[in-house]
There are 2 protein chains.
Amino acid sequence: MEKGKISQDRIVTAATQLFYTQGYNQTSVSDIASEIGITKGNLHYHFRSKDELLEAVINHRLHYITDSLEQWDKEFPEPKARLKRFVKMVLNQESEIMRYGCPMGSLNVELGKCQDSLRNKARAMFDEFANWLEKVFKQMGHKDSKTLSKHLLSMAQGAALMSYVYADGKLLKRELKEIEKWIDSLAQK
Amino acid sequence: MEKGKISQDRIVTAATQLFYTQGYNQTSVSDIASEIGITKGNLHYHFRSKDELLEAVINHRLHYITDSLEQWDKEFPEPKARLKRFVKMVLNQESEIMRYGCPMGSLNVELGKCQDSLRNKARAMFDEFANWLEKVFKQMGHKDSKTLSKHLLSMAQGAALMSYVYADGKLLKRELKEIEKWIDSLAQK
DNA sequence: GTCTATAAGAAGATAGAC
DNA sequence: GTCTATCTTCTTATAGAC
């Protein structure tokens, strides 16, 4: 009864990685199965369809995001420190972003052109960050916290995408510095 | 001898649209063929492989970009007016971007995870804009014209991506206004 | 739970008639 | 140039033995 859980976890972990590095459509069920040394048939026992597996992957990412945000809330009571922790997260992923893009952004771009249900699922990752950022901006006394939240996400996504297209880590660092300057310039009650 | 050209053009036009709205990997050769009322076999007579067709599609886009930039150069001698024309282009595509994302950005994200040759081809579209913007910033007397060019592209891409993820046209308009404010704030000799 | 075997279909691509 | 027919490979998914 525990072993089943372990296999499921291994599948989701492998799928998360492969969907990220190769893309959802370019990754076959066989790819994932062989990655962890099981067969396609076995994988289909745990996940009836590829879509179902994708949903598990997104849920996996969602949980990770939620945990991170909770952690940050505990570690950084000061709002601007929270915003900067968000920026730092992007910087920490520099090499992956350069090679594979933002895991959240690229998945949304890919799934956006598929079914609506998948599109909505993928968007939920953005919502997680957007709602958290909105909360932080409110904490700073901003009435347009929704706008600011989306603006910060927009800048971060632009930076990630461009650094991915040009495989340029310096570009990412430069753009993140600009974002930090923007954060510094914000009013705070 | 002219008719062949016409068929090729029709194929490229249809493929350009479908690759954009459905994604490259989600679009089959049959989709394109049936869209313009020809058969797969016929399409393969004009383009040996799907990759070859993709290359033609990207070249088609590249030519369109080149033509647009030349046009803007003629129409707007003033550098800031040129930059704003670039922003206006994004605004003009609002409804398409909302639904399908930036044609250049999303194609790059999708192809980035494929072969290197395709990745480079797709990046050429960005280069077209990047070089033109760099020229404009140089014209304004900026020494960091390369950085500014990428920064502007980064902001525009972020705006397009976020407005796509949230299917939110107002978000796009808001972000573009911010970009225009940034352009206004730039020094000019 | 995990395997082998296989179905069922879609995709890219080719051959040959017209 | 355009069609029909076919090939081959890959993919998702299922059935049934162990």
Side-chain angles (χ1 to χ4, degrees), chain A residues 1-58 107 110-111 113-119 121-122, chain B residues 1-58 107 110-111 113-119 121-122:
Chain A
M1 355 197 96
E2 263 304 314
K3 225 177 170 192
K5 209 57 162 100
I6 289 171
S7 268
Q8 282 209 355
D9 285 351
R10 288 178 65 218
I11 293 169
V12 170
T13 302
T16 301
Q17 186 64 14
L18 287 173
F19 287 170
Y20 176 40
T21 58
Q22 304 186 346
Y24 175 70
N25 291 296
Q26 289 86 358
T27 302
S28 70
V29 176
S30 301
D31 287 342
I32 299 160
S34 73
E35 175 72 24
I36 56 175
I38 65 170
T39 59
K40 286 187 292 181
N42 190 3
L43 193 151
H44 270 99
Y45 167 78
H46 292 286
F47 298 93
R48 288 229 173 89
S49 70
K50 197 184 170 187
D51 276 14
E52 200 175 301
L53 175 54
L54 174 63
E55 207 175 316
V57 164
I58 294 179
L107 194 60
E110 195 178 357
L111 297 182
K113 298 181 178 182
C114 296
Q115 313 142 23
D116 268 3
S117 62
L118 294 182
R119 179 174 185 150
K121 259 283 169 191
Chain B
M1 356 200 95
E2 263 302 314
K3 225 176 168 192
K5 206 62 161 93
I6 289 170
S7 268
Q8 281 209 355
D9 285 351
R10 288 178 66 218
I11 294 168
V12 170
T13 302
T16 300
Q17 186 64 14
L18 287 173
F19 287 168
Y20 175 40
T21 57
Q22 304 185 346
Y24 175 69
N25 292 296
Q26 287 87 359
T27 302
S28 70
V29 176
S30 302
D31 287 342
I32 300 160
S34 72
E35 176 72 25
I36 56 174
I38 64 171
T39 60
K40 282 190 296 180
N42 190 2
L43 194 151
H44 271 99
Y45 167 78
H46 292 286
F47 298 94
R48 288 230 172 88
S49 70
K50 197 184 171 189
D51 276 14
E52 201 176 301
L53 174 54
L54 174 63
E55 208 176 316
V57 165
I58 295 180
L107 194 59
E110 195 178 357
L111 297 181
K113 298 182 178 182
C114 297
Q115 311 143 24
D116 268 2
S117 62
L118 294 180
R119 179 173 184 149
K121 259 282 169 192

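Note on naming: letters A, B, ... go to the chains in the order of the sequence lines (proteins, then strands), and numbering restarts at 1 for each one.
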### Message
Measure CG/A:L53 against C1'/D:dT11 and give the value in whole Å, please.
### Response
15 Å
### Query
Among D:dT4, C:dG1, C:dT14, which is the nearest nucleotide to the side chain of B:H44?
C:dT14
### Query
Which heavy atom in A:E110 sits nearest to a heavy atom in B:Q26, and how many Å separate them?
O-NE2, 4.1 Å
### Task
Measure the distance from OH on A:Y45 to C1' on C:dA5 and round it to the nearest whole Å.
19 Å
### Message
As an exercise, state the distance from CD1 of A:I58 to CG of A:L111, rounded to the nearest 0.5 Å.
### Response
5.5 Å
### Query
In residues 14-34 of chain A, what residues come within less than 4.0 Å of DNA chain D, judged by heavy atoms?
A:T27, A:S28, A:V29
### Query
Rounded to whole angstroms, how far apart are CG on A:L54 and P on D:dT12?
12 Å
### Query
NZ of A:K40 to CG of A:D31: how many Å apart, nearest 0.5 Å?
10.5 Å
### Task
Starting from C1' on C:dG12, measure out to CG on B:N42 and report it in whole angstrom.
16 Å
### Message
Check the phosphate of C:dT2 against A:T39, side-chain N and O only, distance under 4.0 Å to OP1 or OP2. Yes or no?
### Response
no
### Whole angstrom value for the distance that separates P of C:dT2 from CD of A:Q8
10 Å
### Task
Taking only the side-chain nitrogens and oxygens of A:S7, find out if one of them lies under 4.0 Å from OP1 or OP2 of C:dT2.
yes
### Query
Out of C:dC3, C:dT2, D:dG1, which has the shortest distance to the side chain of B:H46?
D:dG1
## Note on the structure
Taken to the nearest whole Å, CZ/A:R48 to C1'/D:dT12 is 15 Å
